[in-house]
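Everything on this sheet refers to the single structure shown next.
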Amino acid sequence: MLCHRVLSLPFMSINRRIWIMEPVITRFAPSPTGYLHIGGARTALFNWLFARHHSGSFILRIEDTDQVRSTDQSVKAILDAMEWLGMDWDAGPYYQKERFDLYEDHLQKLLNSGHAYYCDCSPEDLDARRKAAMAEGRKPKYDGRCRDRGFGPGSHRVVRFRCPHGGTTVVNDLIKGPIFFDNAELDDLVLRRSDGIPTYNFAVVVDDITMNISHVIRGDDHVNNTPRQILLYRALGEPLPSFGHVPMILGPDRARMSKRHGATSVMAYREMGYLPQSLINYLVRLGWSHGDQEIFTLQELVEKFSLESVGKSASVYNPEKLLWLNAHYIKESDPEQLVPLLKPFLESLGYPPKDPHYIARAVRTLQQRSKTLVEMAESMNFYMLDEITYDEGAAKKFLKPGMVDPFQRLVEALEKAENFDEPALEKIFERVIVAELNMKFGKVAQPVRVALTGGTVSPGLFEVMAVLGKNIVLKRMRKALAYMQQEGEN
RNA sequence: GGUCCCAUCGUCUAGCGGUCUAGGAUACUGGCCUCUCACGCCAGAGACACGGGUUCGAGUCCCGUUGGGACUACCA
């Protein structure tokens with residue numbers, strides 16, 4: 001029997017790796033309408049890493065065409081957060097409001113070439129028509145009323161883009177692959193508002209063209225804008241940059257991250273005692289991966305980052321993993337380097353100032369048990385305060401009359417101690433408690449802990465003693481003795 | 001409603017047709033270590049949304065269903 005199967009020659013899809021000869025230039029373009037949030041920070045990070053990986057440059061641009069919502073305060077907040085995270089930029093920050101002439105020039109080009117036209121429709125009118133269209137089940141897009149009315153400039157007129165009615169626009173997304181849009185779905189977007197201010201979609205295109213941006217890496221909430229922007233590049237006769245749309249970060253309810261999901265501000269994490277590298281490491285792993293590796297130095301990230309290993313699906317923000325990373329970086333940090341970072345937290349707790357080297361030694365004993373700098377500062381109280389206060393329950397439970405004798409002997413032995421380092425201290429306890437008194441170390445450990453720290457939770461006793469030093473230790477032991485003796489009398 | 005995107009343990013993810021009775025991390029549970037709390041170590045439980053194809057073979061390719069998300073402004 002005849003086989004009628006048509007043997008169409010399959011297109012050998014040549015997996016062409018496009019080597020970019022031109023320099024890589026990326027940008028981060030936040031709008032200054034609030035602090036830098038987690039999502040924005042990750043977008044910035046991907047842009048920064050991509051630029052650094054390709055030895056290109058990274059530009060910061062402030063998109064402040066929304067004059068009502070933009071504030072200088074927000075600009076500062078964003079810049080501060082970028083600096084804190086260690087993302088430096090090679091040019092900028094540029095401000096769109098200082099570039100209006102540029103937008104105007106490009107707008108005139110579009111007007112002259114017939115790619116743009118004046119529109120006289122009032123917002124109210126537009127709104128009514130949109131609603132009517134929806135009610136009738138039609139698309140709520142601009143109906144093109146003024147498209148061919150040949151208006152000239154006028155005080156209340158906007159300028160619209162003359163969007164082609166037919167054809168398909170392809171976004172060749174670096175992350176998501178090709179995405180096809182029927183131009184018929186797009187409408188004649190406003191390029192310049194009636195107050196003369198350019199709209200976002202127009203300003204970005206002009207900016208990205210004039211700044212020679214080679215790779216536009218942004219949140220995938222922009223994919224639907226991209227075909228319009230591509231059409232604008234075409235109308236302007238400009239070459240296209242590459243686009244890469246990074247999936248969103250979602251809250252636990254799988255809706256786009258927002259304030260109601262808790263701490264979303266980058267700087268809030270600094271205040272909560274997080275290290276910048278924790279946030280960087282967490283953010284980069286949200287959507288990007290390199291095999292099974294979880295921990296990356298900045299240098300490794302620059303080496304290994306690529307858009308090909310950015311995932312396509314949205315990810316849910318998980319603060320617990322960030323906390324784990326922070327605990328990790330606190331553990332790994334050099335205690336001396338932690339001191340200056342810890343300082344503001346120490347101060348806000350009202351501790352008296354201490355020698356940085358002393359603080360560093362205290363820090364060393366707490367690195368394993370602190371997940372944040374706030375936590376660390378809080379558990380440092382017995383190192384920092386000259387006078388400790390007993391936790392009531394702890395004192396009652398452990399500072400009992402039966403401890404008077406062991407404490408007295410310990411005080412005597414400690415007074416004579418020439419070395420006050422951990423091994424020496426351990427030997428003293430071994431001799432006095434275990435050998436002479438025939439007691440278990442565990443019997444006196446908690447009482448001594450309460451005497452020295454006021455509570456039942458602390459780093460190892462010998463570590464604590466070595467850091468506090470002979471004088472303070474003896475002082476606190478004697479104070480505990482006095483307390484026990486007084487309790488015995490009552 | 002329309003357009004577009006997405007779909008592996010609760011969560012972040014590895015996987016790029018056979019080596020997957022699906023790996024790692026986090027969180028959780030149990031044990032060990034131990035002067036408390038942690039850290040650390042060991043173990044355990046836990047996922048390919050569903051249905052059709054294609055193929056000798058599918059978590060991996062195609063289509064559909066379902067579910068989620070984004071966009072739909074003279075905001076960005």
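Each chain gets a letter, A, B and so on, in the order its sequence line appears, and its residues count up from 1. Computed from a predicted structure; not experimentally measured.
Looking at heavy-atom distances under 4.0 Å, A:P459 makes contact with a base. Residue contacts shown for A:R254 are limited to sugar-phosphate atoms, with no base heavy atom under 4.0 Å away. Using a 4.0 Å heavy-atom cutoff across all strands shown, A:K440 reaches no nucleic acid atom at all. Using a 4.0 Å heavy-atom distance criterion, A:S315 is classed as a sugar-phosphate-only contact.
The stretch residues 129-139 of chain A participates, sequence neighbours left out, in these side-chain hydrogen bond (donor to acceptor under 3.5 Å, both in side chains) pairs: A:D125-A:R129, A:D127-A:K131, A:R129-A:D143, A:E136-A:R138, A:K139-A:E185. For residues 366-378 of chain A, there are no side-chain hydrogen bond (donor to acceptor under 3.5 Å, both in side chains) pairs, not counting sequence neighbours. Residue pairs that meet the salt bridge (charged side-chain N to carboxylate O under 4.0 Å, His left out) test with at least one member in residues 273-297 of chain A, sequence neighbours left out, are A:R285-A:E294, A:E294-A:K321.
Base-pair partner of B:rU55: not found among the strands shown (Watson-Crick or G-U wobble, both distances under 3.5 Å). Pairing for B:rC41 is with B:rG31, a Watson-Crick or G-U wobble pair whose two hydrogen-bonding atom distances lie under 3.5 Å. When both distances must be under 3.5 Å, the Watson-Crick or G-U wobble mate of B:rG1 is B:rU72. Base pairing annotation: B:rA47 forms no Watson-Crick or G-U wobble pair, as no partner gives both donor-acceptor distances under 3.5 Å. Checking B:rU21 for Watson-Crick or G-U wobble geometry (two distances, each under 3.5 Å) identifies no partner in any strand. The partner of B:rA7 is B:rU66, judged by Watson-Crick or G-U wobble contacts that both fall below 3.5 Å.
What separates CD of A:E463 from C1' of B:rU36 is a distance of 12 Å, to the nearest Å. Going from atom CZ of A:R129 over to atom P of B:rA73 covers 14 Å, rounded to whole Å. Regarding A:E375, its CD atom lies at a distance of 10 Å from the P atom of B:rC39, rounded to whole Å. Atom pair A:K397:NZ and B:rU36:P shows a separation of 12 Å (rounding to whole Å applied). Between A:D173 atom CG and B:rA70 atom P there is a gap of 18 Å when expressed in whole angstrom units. When rounded to the nearest whole Å, the span between NZ of A:K331 and P of B:rA38 equals 12 Å. The interatomic distance linking A:N281 (CG) with B:rU26 (C1') rounds to 13 Å, in whole Å. What separates CG of A:L410 from P of B:rC35 is a distance of 16 Å, to the nearest Å.
Counting all heavy atoms, side chain and backbone alike, A:I295 lies closest to A:N281 at CA-OD1, 3.5 Å.
By the neighbour-count criterion of 12 heavy atoms within 6.0 Å, atom CE of A:M134 is sparsely surrounded, having that number or fewer from other residues, nucleotides or ligands.
Only the P atoms considered, B:rG44 is 26 Å distant from B:rC37, to the nearest whole Å. If you take atom P in B:rU26 and the same atom in B:rU19, they sit 27 Å apart, rounded to whole Å. Across B:rU60 and B:rC42, the matching P atoms stand 33 Å from one another, rounded to whole Å. B:rA47 and B:rU11 have their C1' atoms separated by 12 Å, with the value rounded to a whole Å. One P atom belongs to B:rA22, the other to B:rC28, and the distance between them is 25 Å to the nearest Å. Comparing B:rG18 with B:rU3, their C1' atoms are spaced 39 Å from each other, to the whole Å. Across the P atoms, B:rC56 and B:rG1 are found 41 Å apart, a figure rounded to whole Å. Using atom P as the reference point in both B:rC6 and B:rG10, the two lie 23 Å apart (nearest Å).
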Considering only nitrogen or oxygen atoms on both sides, find all protein atoms under 3.5 Å from nucleotides 14-16 of chain B and state each distance.
residue : atom : partner : partner atom : Å
B:rA14  : OP1  : A:S289  : OG           : 2.8

With 3.5 Å as the limit, what N/O pairs link the protein to nucleotides 1-7 of chain B?
residue : atom : partner : partner atom : Å
B:rG2   : O2'  : A:K139  : NZ           : 2.5
B:rC5   : O2'  : A:K176  : NZ           : 2.8

Taking only N/O atoms, report every protein-nucleotides 74-76 of chain B pair under 3.5 Å with atom names and distance.
residue : atom : partner : partner atom : Å
B:rC74  : O2   : A:S194  : N            : 2.9
B:rC74  : O2   : A:S194  : OG           : 2.8
B:rC74  : N3   : A:S194  : OG           : 3.0
B:rC74  : N4   : A:C121  : O            : 3.3
B:rC75  : OP1  : A:R193  : NH1          : 3.2
B:rC75  : OP2  : A:R193  : NE           : 3.0
B:rC75  : OP2  : A:R193  : NH1          : 2.1
B:rC75  : O5'  : A:R193  : NH1          : 3.2
B:rC75  : O3'  : A:R193  : NH1          : 3.4
B:rC75  : O2'  : A:D66   : OD2          : 2.5
B:rC75  : O2'  : A:R69   : NH2          : 3.2
B:rC75  : O2   : A:R69   : NH2          : 3.3
B:rA76  : OP1  : A:T65   : OG1          : 2.6
B:rA76  : OP1  : A:R193  : NH2          : 2.9
B:rA76  : OP2  : A:Y200  : N            : 2.8
B:rA76  : O3'  : A:E63   : O            : 3.3
B:rA76  : O3'  : A:E63   : OE1          : 3.4
B:rA76  : O2'  : A:S31   : OG           : 3.1
B:rA76  : N6   : A:N225  : OD1          : 3.3
B:rA76  : N6   : A:N225  : ND2          : 3.1
B:rA76  : N1   : A:N225  : ND2          : 3.3

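When each of A:R228 and A:E320 is assigned the nucleotide of RNA chain B bearing its nearest heavy atom, the one mapping closer to the 5' terminus is A:E320.
A:N172 is linked by a side-chain hydrogen bond (donor to acceptor under 3.5 Å, both in side chains) to nothing, counting only residues two or more places apart in sequence or in another chain. For A:K141, there are no salt bridge (charged side-chain N to carboxylate O under 4.0 Å, His left out) partners at least two apart in sequence or on another chain. Residues satisfying the side chain to side chain contact (heavy atoms under 4.5 Å, CB included) criterion with A:H222, sequence neighbours excluded, are A:Y200, A:R218, A:N225, A:H245. Residues forming a salt bridge (charged side-chain N to carboxylate O under 4.0 Å, His left out) with A:E422 (at least two apart in sequence, or on another chain): A:R364.
Look at A:R27 and A:D208 and you find a salt bridge, because one of the NZ, NE, NH1 or NH2 atoms lies within 4.0 Å of a carboxylate O, short of that distance.
No hydrogens or angles were tested; on distance alone, a donor-acceptor pair under 3.5 Å links the side chain of A:R369 to the base of B:rC37.
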Acceptor/donor pairs from residues 456-466 of chain A side chains to any protein atom, 3.5 angstrom cut, sequence neighbours excluded:
residue : atom : partner : partner atom : Å
A:S458  : OG   : A:R449  : NE           : 2.8
A:E463  : OE2  : A:G460  : N            : 3.2

List, one per line, each side-chain donor-acceptor pair under 3.5 Å for residues 429-437 of chain A, sequence neighbours excluded.
none

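Relative ring orientation between A:H290 and A:W288 is described as parallel, the plane-to-plane angle staying below 30° on a 0-90° scale split at 30° and 60°.
Counting heavy atoms from C-beta outward, A:L231 and A:C163 have side chains that approach closer than 4.5 Å.
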